[in-house]
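A short worksheet on the structure shown next.
Each chain gets a letter, A, B and so on, in the order the sequences are listed, and its residues count up from 1. The structure displayed is predicted, hence computed values, not measured ones.
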Number of protein chains: 2
Amino acid sequence: IAQLIGANKRYKSGDTEITALQATTLDFRSNELALIIGPSGSGKTTLLSLLGCVIYPTEGEVLVGGNKVREMSETQLSNLRLNYIGFVFQNFNLVAPLTALENVMFPLTLQGVSGQEAKARALQALEGVGMADRKNFKPKQLSGGQQQRVAIARALVTKPQLLLCDEPTASLDAVSMVSVLQELHRLSKEGIAVAIVTHDPRLKEYADRTIYVESGRVTDNAEFSIH
Amino acid sequence: IAQLIGANKRYKSGDTEITALQATTLDFRSNELALIIGPSGSGKTTLLSLLGCVIYPTEGEVLVGGNKVREMSETQLSNLRLNYIGFVFQNFNLVAPLTALENVMFPLTLQGVSGQEAKARALQALEGVGMADRKNFKPKQLSGGQQQRVAIARALVTKPQLLLCDEPTASLDAVSMVSVLQELHRLSKEGIAVAIVTHDPRLKEYADRTIYVESGRVTDNAEFSIH
Ligand SMILES: Nc1ncnc2c1ncn2[C@@H]1O[C@H](COP(=O)(O)OP(=O)(O)OP(=O)(O)O)[C@@H](O)[C@H]1O
Ligand SMILES: Nc1ncnc2c1ncn2[C@@H]1O[C@H](COP(=O)(O)OP(=O)(O)OP(=O)(O)O)[C@@H](O)[C@H]1O
Ligand SMILES: [Mg+2]
Ligand SMILES: [Mg+2]
């Protein structure tokens, strides 16, 4: 479903150069829920953003759905992001003037789904994360955990093949966390590839695979424990 | 140091009225580290925002430093927020165009501290959270956990009497979390009142007291376990 081949990421800030991710070769497969763990600032969000075509590698290749991202046009890339990839950002990225329902409908409208169907599917996605009763609230009127659950519903509603989640349970209590993880686990068993960045030890029991990142270096199937 | 006396908070949204927090009487004392736990959307951030004079109660009173907040002028309130209270917001609230160092210096400059002293104290606060090496980076160039640590340094640098933290470790790995909590615990033993909203079971061992919030109702010294 998605691959990195010798892909790295460097940033220039003033006269210093930061290597956020060293050259990495990694494969994400369907039917698999992978956790990405590691210290703060180690490169986890960078890895996820490369896979999600949010940022581009300094060197090396990223392939999604078998296509090299570097060779795709801007239109092909935005179609890929819309129809193939679901992304839950670390800071939610909800659109402030839109209600919870409108935020979840938004990607469906972009896909050309009719207003009526978009509303029904968005409502169903909000119910799945326990947020139907707050559908007419705007992000500013929602708690941190409620905003996070709306962001999760928005990433799931387009039925992506590749689901990338950046700390999706950081603002959630144990009950909400379990219901979100059960849903993500169910989806991965139905065929999609799920990658989750987390510091939360509670997530270990849902994972098929653990990837460890430290100072930009990636170790696959790490026996590291999240403590 | 801070008290709620029969304080509640209601929001009107369209024709519905939401009670974010029911009438609550609660006291926060110096030399104490209190945890505030409870499900997502239960009213924890609302409770913290009332104490921090970020929002005002619909009914009842909030007292900080012995003064009724309702009877204070705008100038007295902004002085109270600047000199008495430190706040770590759930979404960090860093000022985007400023570097990490400038963000931490900002409250000191408002207090009238000289540029040189402000820089030295800000640098020390950043070192305390392991972020001195990223002092010239702007929030967009920092990872989630790095931004969170800068927000913690900014709340500590003014040496507040009352420190209010909303999920201060949600984006932190175990090592960063331990160093932040040890610092908060040390400060509470030196005399300040610390209140921390969290879903993180790892924080239990640092707490003197646990306050449980559910559907706007507050139970003090709750035997609830964070699991
Ligand atoms: N401006 C607002 N208008 C309407 N309702 C609001 C507003 N702000 C908060 N609420 C509601 O008040 C309730 C409590 O919110 P609060 O942010 O205190 O929850 P919380 O316990 O901090 O949750 P979390 O753990 O998800 O951060 C929520 O149900 C939320 O929808
Ligand atoms: N635009 C940028 N410019 C410069 N450096 C950057 C930029 N974006 C990220 N970095 C650096 O790259 C490194 C990796 O960041 P990344 O966001 O991937 O970390 P992370 O593992 O997700 O951390 P956290 O757990 O704190 O969210 C960090 O040290 C960060 O300072
Ligand atoms: Mg990150
Ligand atoms: Mg909150």
Please classify the contact between [X] and chain B as side chain, backbone, both or neither, with a heavy-atom cut-off of under 4.5 Å.
X	answer
A:Q141	side chain
A:T45	neither
A:S143	side chain
A:L142	neither
A:F92	neither

- Applying side chain to side chain contact (heavy atoms under 4.5 Å, CB included) between B:Q90 and each of B:E167, B:Q148, B:K44, report the one that passes.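 Checked B:E167, B:Q148, B:K44 against B:Q90; only one passes side chain to side chain contact (heavy atoms under 4.5 Å, CB included): B:E167.
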- Task: Salt-bridge test for A:R217 and A:E214: reply yes if a basic N is under 4.0 Å from a carboxylate O, no otherwise.
- Result: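 A:E214 and A:R217: not salt-bridged.
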- Among B:G145, B:S40, B:A20, who wins on heavy-atom pairs under 4.5 Å with chain A?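 So the answer, after comparing B:G145, B:S40, B:A20, is B:S40.
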- Would you confirm whether A:S215, through its side chain, and A:S42, through its main-chain N or O, come within 3.5 Å as a donor-acceptor pair?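 Judged by distance alone, no pair lies under 3.5 Å.
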- Would you mind reporting whether A:T158 and A:Y84 have side-chain heavy atoms less than 4.5 Å apart?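 No - every pair of side-chain heavy atoms lies 4.5 Å or more apart.
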- More than 12 foreign heavy atoms under 6.0 Å from CD of B:Q124: is that the case here?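 Atom CD in B:Q124 is not packed in, count stays at 12 or less.
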- Closest-packed option against chain B by number of heavy-atom pairs under 4.5 Å, given A:I18, A:N91, A:T46: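 Looking at each of A:I18, A:N91, A:T46 in turn, A:I18 comes out on top.
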- When heavy-atom pairs shorter than 4.5 Å are enumerated against chain B, which of A:S171, A:S176, A:G41 gives the highest number?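 Highest number of pairs under 4.5 Å: A:S171.
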- Message: Whether B:K135 engages the ring of B:F137 as a cation-pi pair (distance to the six-membered ring centre under 6.0 angstrom, angle to the ring normal within 45°) should be assessed.
- Response: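 No, B:K135 does not sit over the ring of B:F137.
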